[in-house]
Amino acid sequence: MDYKALSELLFPDVTNTIEFYEKKYPERSLPEGAKVTRFAPSPTGFVHFGGLFPVLVDQYLARQSSGVCYLRIEDTDSNREVKGAELDIIKSFELFGISFDESIIKEGLYGPYRQSDRKEIYHTYAKKLVSDGYAYPCFCAKKDLDRLRVNQKAKKLNLGYYGGFAKCRNLTLDQVKEKLDAGIPYVLRLKSFGDCNNKIKFTDLVKGTLELTENDIDHVLLKSDGMPDYHLAHVIDDHLMHTTHVVRGEEWLPSLPFHIQLFNAFGFKLPKYMHIAQLMRLDGNAKKKLSKRDKGAGLTSYISNGYAPEAVIEYVLTLLNSNFEDWRRANPDLPVNEFPFSIKKMSLSGALFDLVKLADVSRNVLSRMTAEQIYDRLCNWTQSYDKKFNKVITQNPDYTLSILSIGRGGQKPRKDFGLWSEVKPYIGFFFKEYFKITDQPEGEFDKSDIRAVIEEYLNLFDPGDDKDTWFEKLKTVAEKTGFCPSTKEYKQNPEGWKGHIGDTSMFIRLAITGRLNSPDLYTVMQILGGQECRRRLQKYLTKI
RNA sequence: GGCCUGUUAGUCAAGUGGCUAAGACGCCGCCCUCUCACGGCGGAGGCAGGGGUUCGACUCCCCUACGGGUCACCA
């Protein structure tokens with residue numbers, strides 16, 4: 001077979017040579033050891049939660065080595081393409097503080113960054129492959145392939161287009177010409193010289209040394225529409241764009257031998273690979289790969305549900321690097337991008353997505369913010385997702401700020417909320433728009449006793465009191481109304497008391513906040529102001 | 001089914017032949033001048049099973065079981 005002639009027959013329009021592109025995309029000039037990584041999504045919809053894993057690895061590896069992290073759009077399948085998805089992906093990541101050094105909106109020297117714009121390049125390299133005898137056209141129709149598969153299945157053979165089953169391998173130049181002239185659609189296939197009885201050793205940076213089976217399948221390289229499939233595009237792009245580290249999900253592991261084969265066929269240097277574990281979700285009792293189909297898995301739905309992006313990022317980091325939490329405890333105030341990310345600390349098996357843990361991480365992240373930061377972000381979020389609340393807090397910025405300051409700062413900050421959507425239920429009672437008595441006293445008390453406590457307290461209440469005086473007055477009220485002023489004492493000897501100071505405090509809390517639980521009552525009352533406290537206490541009397 | 005890969009408490013995980021097997025979340029109990037939150041103290045709960053190798057295996061090897069991935073003109 002005259003491969004050169006075959007290549008001319010298949011690619012008459014290709015006039016460039018691969019040398020042209022090799023020269024056009026020279027080695028990147030980067031410092032020693034700089035890593036070049038890429039995130040390469042297909043624009044088939046929104047980015048889902050699991051996408052955060054590889055992209056964060058990409059970002060850390062590049063940043064920590066003064067390298068480059070770029071975005072490449074893998075849109076070689078026009079059937080699955082979703083309009084607007086490209087920009088959506090970029091915007092979604094931006095919400096999470098993730099940006100790329102090069103992308104379709106920020107072209108670098110190694111573009112185009114959209115695969116559908118690189119067709120000429122792929123064809124040039126494909127032509128080379130054909131002329132070197134590594135690829136051939138296949139005219140088999142889908143029907144033929146289906147039949148082949150059925151036969152192989154019946155005979156319990158390995159499925160696929162390989163060896164003796166690869167009929168089109170043996171087509172002569174004239175036969176090819178004939179079919180071409182007849183307008184029969186074809187795909188370009190790899191002519192595999194691999195043997196599935198041979199094993200190859202390969203070291204993955206995450207998985208370690210792997211033993212893989214050589215590829216003997218004549219995989220498709222170019223689809224009948226002339227676009228490459230993932231495999232060919234991956235090899236050519238990551239070569240020309242000089243990717244040093246390919247970070248991708250472990251679902252790609254089975255096709256790795258095929259990729260290695262392609263790199264070798266081209267004579268390209270192999271990049272380093274990192275196949276990372278998939279995030280799983282629980283489906284009944286079974287673990288399932290988290291996918292785009294899962295409701296609420298979209299990155300932006302975390303935003304709309306009220307998660308702080310930085311909290312989501314930290315949660316992902318706890319799963320990505322087992323020592324992240326230790327680092328965070330030791331460095332509570334350092335920005336997250338200073339975390340010394342380490343490949344060695346990456347998990348081998350897929351973690352189960354844990355909403356409860358996310359909530360915990362989230363509370364911790366928010367507890368480290370200042371009241372001002374909380375306020376800004378809260379305004380930002382409510383602007384889109386709770387306009388009424390947004391109006392309330394922005395009308396009273398100082399007041400809101402003082403509320404958000406409760407128990408903030410210091411060594412043991414409060415952790416009352418992990419979601420922006422949890423703030424309103426927590427602080428709503430401070431505002432007349434939301435104040436409502438929603439709880440009832442716990443335990444059995446005479447209404448007259450409750451009334452007596454409130455009345456007695458109203459007599460003594462003075463907003464100018466300091467905390468100790470304030471508490472002394474609570475004790476006085478308790479004692480006067482027949483409640484024990486010390487909980488401890490009461491527990492030792494409850495005889496003769498109607499209850500204890502905890503109970504009388506509860507009545508007052510109910511009147512002031514409408515709820516059984518609240519932050520420190522003294523502070524709450526200070527913020528509300530004497531007038532409002534008095535008003536609420538009096539109002540409560542009418543409701544008992 | 002073939003191929004690949006993984007398996008330490010409910011979840012996430014340290015651990016690389018010699019520990020009473022870290023820690024975190026969750027759960028339970030106690031403490032912290034008022035509830036909650038925070039914090040502190042304590043508790044329940046684990047090396048999938050079976051064979052080897054070894055003076056000694058969570059750690060090395062083999063088998064089994066179970067989980068996951070993949071076998072497209074999708075990425």
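Order of the sequence lines fixes the chain letters, A, B, ..., with proteins taken first and strands second; residue numbering starts at 1 for each chain.
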### Message
Within the 4.0 Å heavy-atom criterion, would you say A/K467 contacts the bases, only the backbone, or no part of the nucleic acid?
### Response
base
### Message
What contact category does A/L516 fall into here, base, sugar-phosphate, or nothing, at under 4.0 angstrom with non-hydrogen atoms?
### Response
base
### Gap between atoms CE and P, on A/M346 and B/A14 respectively (whole Å)
12 Å
### Message
Suppose we define a pair by two distances each less than 3.5 Å, Watson-Crick or G-U wobble; what does B/U7 pair with here?
### Response
B/A65
### Query
What is the nucleic acid contact for A/M280, judged by heavy atoms within less than 4.0 Å: base, sugar-phosphate only, or nothing?
sugar-phosphate
### Query
OP1 or OP2 of B/C12 sitting under 4.0 Å from any side-chain N/O of A/S322?
no
### Summary
Between A/S347 and A/R80, whichever has its closest RNA chain B nucleotide further toward 5' is A/S347
### Message
Looking at the base of B/C38, is there any donor atom on it, or on the side chain of A/D416, that sits under 3.5 Å from an acceptor on the other one?
### Response
no
### Query
Given atom NZ of A/K201 and atom C1' of B/C4, what is their separation to the nearest angstrom?
14 Å
### OP1 or OP2 of B/G26 under 4.0 Å from side-chain N/O of A/R363
yes
### Message
What's A/P413 touching, base or sugar-phosphate or nothing? Going by heavy atoms closer than 4.0 Å.
### Response
sugar-phosphate
### Query
Over how many whole Å does the gap from A/D237 atom CG to B/A75 atom C1' extend?
13 Å
### Query
Reckon A/R328 touches a base, only the sugar-phosphate, or nothing at all at heavy-atom distances under 4.0 Å?
nothing
## Note on the structure
From CD1 of A/I403 across to C1' of B/C36 the rounded distance in Å is 17 Å
### Message
Taking only side-chain N and O atoms of A/R248, does any of them lie within less than 4.0 angstrom of OP1 or OP2 on B/A75?
### Response
no
### Message
Just to be sure I understand the rule, does A/G502 reach a base, reach only the sugar-phosphate, or reach nothing, if contact means heavy atoms closer than 4.0 Å?
### Response
sugar-phosphate
### Query
Mind checking the P distance from B/A65 to B/C25? Whole angstroms is fine.
38 Å
### Task
Rounded to whole angstrom, note down the P distance from B/G15 over to B/A22.
14 Å
### Task
Give me the ring orientation class for A/Y162 and A/F165: parallel if the planes are under 30° apart, tilted from 30 to 60°, perpendicular past 60°.
perpendicular
### Query
Quick one: A/N79 CG to B/C73 P, roughly how many Å, whole number?
13 Å
### Task
Provide, to the nearest angstrom, the distance between the CD atom belonging to A/E325 and the P atom belonging to B/G26.
11 Å
### Query
Hey, do the aromatic rings of A/Y490 and A/F483 have their centres closer than 6.0 Å?
no
### Query
Within this structure, what is the CD1-to-P distance between A/I406 and B/C38, rounded to whole angstrom?
16 Å
### Query
Closer than 4.0 Å, any side-chain N/O of A/T487 to the OP1 or OP2 of B/C34?
yes
### Query
Less than 6.0 Å separating the ring centroids of A/Y522 and A/F471?
no
### Message
Pair A/F341, A/F324 - check ring-ring contact (aromatic ring centres under 6.0 Å, His included), show working.
### Response
CA-CA 8 Å; A/F341 181 86; A/F324 176 77; 9.9 Å; no
### Query
Counting only side-chain N and O atoms of A/K415, is one of them less than 4.0 Å from OP1 or OP2 of B/G39?
yes
### Message
Pairing check on B/C58: which nucleotide meets the Watson-Crick or G-U wobble criteria with it, both distances under 3.5 Å?
### Response
none
### Message
With a 3.5 Å limit on both atom pairs, tell me what B/C41 is paired to, counting Watson-Crick and G-U wobble, or say none.
### Response
B/G29
### Query
Parallel under 30°, tilted from 30 to 60°, perpendicular over 60°: which one fits the rings of A/H231 and A/F258?
tilted
### Query
Does NZ or CZ of A/R515 lie under 6.0 Å from the centre of the six-membered ring of A/F429, at an angle within 45° of the ring axis?
no
### Message
Give me the distance, rounded to whole Å, that separates B/G52 from B/A57 when you measure between the C1' atoms they each carry.
### Response
12 Å
### Message
With a 4.0 Å cutoff (strictly under), does any side-chain N or O of A/T76 reach OP1 or OP2 of B/A75?
### Response
yes
### Task
Would you mind pulling out the nucleotide paired to B/U70, Watson-Crick or G-U wobble, both distances under 3.5 Å?
B/G2
### Task
For A/E442, report the nucleic acid contact type (base, sugar-phosphate, nothing); a contact means any heavy atom under 4.0 Å.
nothing
Can you tabulate the close N/O pairs, meaning under 3.5 Å, that link protein atoms to atoms of nucleotides 30-32 of chain B?
residue	atom	partner	partner atom	Å
B/C32	OP1	A/K488	NZ	3.2

### Query
For A/V187, which contact category applies under a 4.0 Å heavy-atom criterion: base, sugar-phosphate, or nothing?
base
### Query
Distance between the C1' atoms of B/G43 and B/A9, in whole angstroms?
14 Å
### Task
Using the six-membered ring of A/F339, assess whether NZ or CZ of A/R328 lies under 6.0 Å from its centre and within 45 degrees of the ring axis.
no
### Message
Ring centres under 6.0 Å, that's the criterion: do A/Y315 and A/F353 meet it?
### Response
yes
### Query
Which sits closer to the 5' end of RNA chain B, A/N364 or A/L222, going by the nucleotide each is nearest to?
A/N364
### Query
Closer than 4.0 Å, any side-chain N/O of A/K223 to the OP1 or OP2 of B/C74?
yes
### Task
Using the P atom as the reference point in each nucleotide, state the distance between B/C30 and B/C12 in Å, no decimals.
30 Å
### Query
Which part of the nucleic acid, if any, lies within contact of A/T513, taking any heavy atom under 4.0 Å across all strands shown: a base, the sugar-phosphate backbone alone, or nothing?
nothing
### Query
What integer number of Å spans the P atoms of B/A21 and B/U16?
15 Å
## Note on the structure
Looking only at B/C73, B/G26, B/C34, the nucleotide nearest the A/D360 side chain is B/G26
### Message
Which label fits A/Y113 and A/Y70: parallel for a plane angle under 30°, tilted from 30 to 60°, or perpendicular past 60°?
### Response
perpendicular
### Spacing of the P atoms in B/A75 and B/G23 (rounded, Å)
48 Å
### Query
Which part of the nucleic acid, if any, lies within reach of A/K199 when heavy atoms closer than 4.0 Å are counted: base, sugar-phosphate only, or nothing?
sugar-phosphate
### Ring geometry between A/F139 and A/Y186 (parallel below 30°, tilted from 30 to 60°, perpendicular above 60°)
tilted
### Query
Which value, in whole Å, describes the distance between the P atoms of nucleotides B/U8 and B/U59?
13 Å
### Message
Can you say whether a donor on the side chain of A/R414 sits under 3.5 Å from an acceptor on the base of B/C36, or the other way round?
### Response
yes
#### Entry: Mutual orientation of the aromatic rings belonging to A/W252 and A/H259 [parallel < 30°, tilted 30-60°, perpendicular > 60°]
tilted
### Query
Between B/A72 atom P and A/L148 atom CG, what is the distance in whole Å?
11 Å
### Task
Look at all strands and tell whether A/D468 reaches a base, only sugar-phosphate, or nothing, counting heavy atoms closer than 4.0 Å.
base
### Query
Does a side-chain heavy-atom distance below 4.5 Å link A/E81 with A/D77?
no
### Message
Using a heavy-atom cut-off of 4.0 Å across all strands, would you classify A/R329 as base, sugar-phosphate, or nothing?
### Response
sugar-phosphate
### Base B/C3 to side chain A/T213, donor-acceptor N/O within 3.5 Å cut-off
no
